[in-house]
Amino acid sequence: MTVIALEARDITLRLGDATVLDSVTMEARSGEILGIVGPNGAGKTSLLRVLAGLAHSGCMVNLGGRSLQDHDAATRARLIAYLAQGHVVEWPLAVRAVVALGRFPHRSGFGRLTAVDVAAIENAMSLTDTARFAERPITALSGGERARVMLARALATEAPVLLADEPTASLDPRHQLRVMELLRSVAGRGVAVLVTLHDLTLAARFSDRLLLLDRGRVAAAGTPESVLTSERLAAVYGVVPFEREVSARRPIVPWSLVDPGSR
Amino acid sequence: MSAPRFGVTARLLVALLCACVLALSLGYVEIPLADVVRAAAGDGDAATVAIVREIRLPRVLLAAAVGAALGVSGATLQGLLRNALAEPGVIGVTASGGLGAAFALHFGLTSASVWLLPASAMAATALCTLVLLAVAARGSALTLILAGVALSSLATALTSLVINLSANPFALTELLFWLLGSLKDRSFDDLALMLPFACAGAALMLASGPALEALALGDETARSLGVDVRRTQALVVVGTALAVGASVAVAGAIGFVGLVVPHLLRRAVGHSPRALLVPSAVGGAVLLVVADAGVRFLGVNPELHLGVVTGLLGAPFFLMMVLRTSRGES
């Protein structure tokens with residue numbers, strides 16, 4: 001039985017005059033990857049921010065049967081791990097110190113790491129294959145290694161919900177696949193994984209379900225095959241996919257513009 | 001992970017003790033080292049005990065307290081603003097304290113009560129802090145820096161105005177020397193005045209340590225980890241204002257301690273903003289005790305002001321850091 005880990009009804013978010021999210025209703029289930037796709041400005045990041053409690057829309061976000069607002073900041077942080085875009089680290093901290101920050105919501109008193117914390121940190125580093133450079137400064141790593149360290153930081157929290165905002169951005173194909181496979185294995189451990197993606201091929205291949213956003217609204221939700229139809233790709237993205245069956249599957253490959261010149 | 005930090009702190013504490021003993025033995029009257037230690041404990045002939053305990057000890061302890069306050073303030077501000085070039089002076093607290101002192105001297109408040117000078121300096125830093133808090137409540141760290149720069153400029157301009165309008169040459173001299181920053185002729189009264197505020201400020205800054213570490217991942221991620229960013233900003237702004245305000249009130253403007261000390265210590269304890277706090281306090285104390293002893297050891301007449309010396313050494317250091325930073329980024 002799949003458990004609904006996170007659900008939201010009628011999320012509407014306004015920033016100034018702009019309506020960034022318009023009556024978005026969605027749910028994420030434990031053990032699944034929910035891919036959130038949509039063109040630039042569709043509201044993918046805003047949706048994750050609302051779900052993480054970083055932006056307040058006034059709607060009800062239900063987390064494990066309780067409203068998100070009823071949880072204090074530390075409890076919320078223990079239940080939802082958020083991997084922001086861009087992988088910001090302002091100081092050349094050691095990789096292990098960065099991953100250890102994932103335990104911040106669990107700390108008590110003077111913030112000494114307990115045996116449980118240390119185990120979670122080691123586990124997250126071994127899952128992401130980052131233990132090899134645990135003592136190196138994060139600034140000395142390549143983009144792909146850094147992405148894995150940031151993912152390890154989010155995993156170290158051991159939250160039942162993981163929100164990842166474009167974790168594959170600016171990674172080469174090999175590292176993109178590696179990150180997606182990691183998310184797959186995280187979901188396999190019962191975590192509800194919500195991930196925004198620009199790469200529709202990856203999104204269709206790795207997501208159990210997709211949420212397609214278009215200008216702040218839900219354009220479609222469901223299995224990748226049912227969401228990414230040629231008609232929707234044309235209407236939402238303005239692209240025509242290259243369609244061919246490969247080993248009895250139909251990967252989505254955006255191929256050409258619907259109307260060259262208009263966008 | 002924390003082992004190097006404690007090792008460095010322990011070594012700095014030993015260095016501080018040595019620096020204090022050395023500083024106590026330096027002065028116009030030559031006193032052997034052994035006699036200094038005994039006199040500090042209240043043992044020996046009356047004159048030596050008086051010189052060591054009444055003249056030198058308050059000055060040395062004040063140097064340590066001011067240095068510690070400035071050192072930890074620098075490390076904390078750099079953690080909050082995520083910029084190794086941030087300095088307590090950046091948020092305008094030092095300049096505001098100077099303005100408060102200038103105001104008190106210009107209007108002759110000091111003749112009413114000696115306490116009005118530090119009180120005025122602290123009131124000005126408090127006012128500056130309130131403005132910064134209002135800015136911090138609605139802006140980013142960059143907004144906070146820029147607001148601090150603006151406030152600093154305003155305080156400097158107003159201080160210049162006070163100097164400009166000063167008709168009394170005696171008040172003018174007193175004011176100018178105050179602004180140069182010195183620990184000369186200070187008593188235990190000065191120490192008793194600044195220590196409670198400095199300790200309260202340091203406690204607030206240390207409390208912000210774990211949040212500063214999380215802020216290394218950016219505001220958004222820190223918030224997602226449960227950090228209350230506004231509360232952290234408030235802790236740091238109030239903490240630094242108390243510590244730096246108290247220091248300016250008793251010692252005038254002494255710059256660059258908060259810049260140099262954390263920078264040097266990063267080589268030993270790493271870049272963790274939290275791990276830097278305590279070593280920066282002890283390191284600041286060592287630096288200022290040694291610098292103040294150096295000023296007396298040089299024996300230049302009239303005695304060099306401590307603020308002048310830290311400025312002469314600190315400003316080129318600052319420039320070097322800026323050049324290195326820009327080269328590292330390009």
Side-chain angles (χ1 to χ4, degrees), chain A residues 45 48-49 51-55 71-94 96-113 117-118 121 134-135 137-139 149-150 153-154 156-157 159 161-165, chain B residues 1-6 75-86 140-142 145 203 206-232 262-263 265-278 324-325 328-329:
Chain A
T45 298
L48 283 196
R49 294 184 73 243
L51 295 177
L54 297 173
H71 295 291
D72 62 52
T75 311
R76 192 203 67 219
R78 283 195 291 273
L79 294 172
I80 301 181
Y82 175 67
L83 180 57
Q85 243 180 82
H87 308 147
V88 175
V89 182
E90 309 265 8
W91 300 103
L93 296 178
R96 188 187 298 278
V98 172
V99 177
L101 282 173
R103 299 305 291 174
F104 188 89
H106 297 271
R107 98 214 133 84
S108 57
F110 290 100
R112 291 190 68 95
L113 295 176
D117 292 329
V118 173
I121 292 163
E135 308 308 327
I138 184 129
T139 39
V149 171
M150 299 315 276
R153 195 275 304 158
T157 307
V161 178
L162 171 65
L163 312 178
D165 198 359
Chain B
M1 199 161 57
S2 52
R5 173 177 24 148
F6 292 127
T76 309
L77 273 178
Q78 286 162 22
L80 179 72
L81 304 175
R82 281 151 279 179
N83 191 333
L85 300 176
S140 64
L142 182 65
I145 285 194
L206 291 178
S208 76
L212 294 182
E213 183 104 346
L215 277 176
L217 301 178
D219 284 5
E220 285 261 301
T221 300
R223 283 176 60 204
S224 80
L225 288 169
V227 171
D228 186 338
V229 176
R230 299 255 180 278
R231 179 176 166 273
T232 307
H263 181 73
L265 287 173
R266 282 197 180 93
R267 290 161 200 270
V269 295
H271 284 77
S272 157
R274 180 184 175 197
L276 269 170
L277 297 183
V278 173
R324 196 171 283 176
T325 307
E329 280 170 1

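Lettering of chains follows the sequences in order, A, B, ..., and the numbering in each one begins at 1.
- Among B:Gly270, B:Gly209, B:Ser224, the residue with the largest count of heavy-atom pairs under 4.5 Å with chain A is B:Ser224.
- Checked by atom type and distance alone, the side chain of B:His271 never pairs as donor or acceptor with a backbone atom of B:Arg266 at under 3.5 Å.
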Considering only distance and modelled atom types, tabulate donor-acceptor pairs under 3.5 Å from the side chains of residues 74-86 of chain A, sequence neighbours left out.
unit_1: A:Thr75; atom_1: OG1; unit_2: A:Asp72; atom_2: OD1; d: 2.9
unit_1: A:Thr75; atom_1: OG1; unit_2: A:Asp72; atom_2: OD2; d: 3.2
unit_1: A:Arg76; atom_1: NE; unit_2: A:Ala52; atom_2: O; d: 3.2
unit_1: A:Arg76; atom_1: NH2; unit_2: B:Arg223; atom_2: O; d: 2.8
unit_1: A:Arg78; atom_1: NH1; unit_2: A:Pro105; atom_2: O; d: 2.9
unit_1: A:Gln85; atom_1: NE2; unit_2: A:Thr45; atom_2: OG1; d: 3.2
unit_1: A:Gln85; atom_1: NE2; unit_2: A:Asp165; atom_2: OD1; d: 3.4
unit_1: A:Gln85; atom_1: NE2; unit_2: A:Asp165; atom_2: OD2; d: 3.2

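- The candidate with the highest count of non-hydrogen atom pairs below 4.5 Å against chain A, out of B:Ala207, B:Ala84, B:Ala222, B:Gly79, is B:Ala84.
- Contacts between A:Arg103 and chain B at a heavy-atom distance below 4.5 Å are absent for every atom of the residue.
- In this view, A:His71 satisfies the ring-ring contact (aromatic ring centres under 6.0 Å, His included) rule with no residue, not counting sequence neighbours.
- Of the two parts of B:Asp228, neither the backbone nor the side chain holds a non-hydrogen atom closer than 4.5 Å to a non-hydrogen atom of chain A.
- To the nearest 0.5 angstrom, A:Arg153 atom CZ is 5.0 Å from B:Leu225 atom CG.
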